[in-house]
Peer 1: 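Let me begin by handing over the structure; questions about it come next.
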Amino acid sequence: MDFDLGWILLGLPVAFVLGWLASRLDLRQLRIENRRAPKAYFKGLNYLLNEQQDQAIDAFIEAVQKDPDTTELHFALGNLFRRRGEYQRAVRVHEHLLSRADLSAADRHRAQHDLALDFLKAGLLDRAEDALRKLEGTRYEAQALLALLAIYERSRDWPQATEIAQKLQDYGEGSFSGRMAHYLCEQAAARNAAGDSEGAAQLLARAITTAPQAPRPRIDRALMQLKADRPAEALHTLLELASVAPQAVPLIASALAQTGTAAGQAQQALAALQASYDSFASLDVLDAIVALEGAQGDRREQARQRYLQHLEREQSLVATARWLAGEKLEHEQFHPQVQRAIEHATRPLTRYRCAACGFEAKQHFWQCPGCQAWDSYPPRRVEEL
Ligand SMILES: [Zn+2]
């Protein structure tokens, strides 16, 4: 390796001078900035440290008016206030940012988005709605649409929710047809409650077209038909459901048994239930089969036999309890206590559980009351999960 000491001897002083010049320049730059940085900063900082936040904001706002390069500071401040739950202050900071004429478009959108978050977190939904609507066409549009959807769902404004869901779908955020079918079902339920069964039926028909595989529209339609004392039509609807959404049969098993009996077509209902049970051994379906076969008198033994067969397929505590209910135990005087204890132990197993958040409920929900997710409850009991 050829190493020339002379170059280093010459290079060192040059590098030193260059470095010294650079540091002088930096220092001068810093001094200029220091002179420019208004006292308001330090005043604001001082107020902030003394927990006098209102005065601190005033000082920072004063600072920002004198120096347009402080937007980052304001965003940081606004987010800090929001995270601490001080929404009014966060709103003030973001509104001030928005009122500035020299703000770039990107920063304006960001401030608008942050302002919407402030209102959302503060629970001021109508103001949040306005702020979110203004984000259309910006890079926050998809986020804003999702937030708007949550607002309209919470306020049960189904037509608006439908409009937003449609936009999200067009935007490429996945399929919202299942949700839109739920919105139609909700509107149908409201019409029904108001006595407009014709309007409700039309909405349900639209829901079925919107999401042909969704179980709810047909279930709601069947319940309407049953209420209107048209069991044959209700049975037809439920059988149709069993073929398009077989996984939902456990949810309608008992309704299927009832309509079958009411329509005088118990055999048809029984066949559908049996077919479902053969592909998935649901206890709800088994209960419906037992109910259809009649669990009275000598049929009672047959029903118990069915639960026993079920136990061979599934390790089910609930089925055990059903079977035990008719069992003649040796110490018969203790039977009721034993039965009660088992029933108590099995009760949690017969609940439905939200797959998204784990919320458990005795009844099946289309929208989870815990986490607001749609269709998050599998149509199976906890024991069958
Ligand atoms: Zn949930």
Side-chain angles (χ1 to χ4, degrees), residues 83 85 116-117 119-125 128-129 132 142-169 171 173-190 193 204 207 210-220 223 241 244-255 280 282-285 314 316-318 344-385:
R83 235 173 296 138
L117 290 183
F119 289 139
L120 268 183
K121 288 275 159 107
L124 301 169
L125 297 189
E129 187 188 332
L132 289 166
Q143 263 172 287
L145 287 173
L146 282 170
L148 273 174
L149 193 63
I151 290 179
Y152 293 138
E153 282 188 358
R154 249 206 278 175
S155 53
R156 308 179 67 76
D157 186 341
W158 308 117
Q160 296 254 53
T162 306
E163 181 212 323
I164 300 293
Q166 186 65 52
K167 271 190 191 166
L168 276 162
Q169 194 167 291
Y171 206 80
E173 291 286 311
S175 168
F176 282 75
S177 57
R179 280 214 211 189
M180 288 194 271
H182 278 301
Y183 302 159
L184 288 163
C185 289
E186 294 282 350
Q187 293 174 76
L204 289 179
T210 304
Q213 315 258 290
R216 184 183 181 181
R218 283 199 176 83
I219 293 179
D220 288 2
L223 292 178
L241 171 69
V244 296
Q247 78 286 355
V249 171
L251 284 182
I252 54 153
S254 101
F280 172 69
S282 152
L283 206 54
D284 281 309
V285 175
E314 306 289 330
S316 164
L317 199 53
V318 179
H344 179 75
T346 54
R347 212 169 294 144
L349 300 175
T350 60
R351 292 186 190 139
Y352 292 99
R353 183 191 289 152
C354 171
C357 75
F359 190 91
E360 287 184 9
K362 241 162 62 179
Q363 135 194 27
H364 179 273
F365 286 104
W366 297 113
Q367 186 184 23
C368 175
C371 68
Q372 317 296 320
W374 290 97
D375 290 316
S376 60
Y377 281 82
R380 299 176 180 187
R381 310 279 178 169
V382 166
E383 192 183 49
E384 298 166 342
L385 291 175

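Remember, it's 1-based here, ligands and their atoms both numbered in the order they're listed. FYI, the numbering just counts along the sequence from 1.
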Peer 1: Could you tell me whether the side chain of Phe359 reaches within less than 4.5 Å of the side chain of Pro369, counting heavy atoms only?
Peer 2: yes

Peer 1: To the closest 0.5 Å, what do you measure between CD (Gln166) and CG (Leu168)?
Peer 2: 10.0 Å

Peer 1: Let me confirm one number: the CG-CD1 distance from Leu204 to Ile219, rounded to the nearest 0.5 Å.
Peer 2: 11.5 Å

Peer 1: Pull up every protein N/O/S atom sitting under 2.8 Å from the Zn ion (ligand 1), skipping waters.
Peer 2: Cys354 SG, Cys357 SG, Cys368 SG, Cys371 SG

Peer 1: Under 3.5 Å, is there a donor-acceptor pair between the side chain of Gln169 and the main chain of Phe176?
Peer 2: yes

Peer 1: Can Glu384 and Arg353 be counted as an ion pair, charged N to O under 4.0 angstrom?
Peer 2: no

Peer 1: State which residues pass salt bridge (Lys or Arg N to Asp or Glu O under 4.0 Å) with Arg381; sequence neighbours excluded, sorted by chain then number.
Peer 2: Asp284

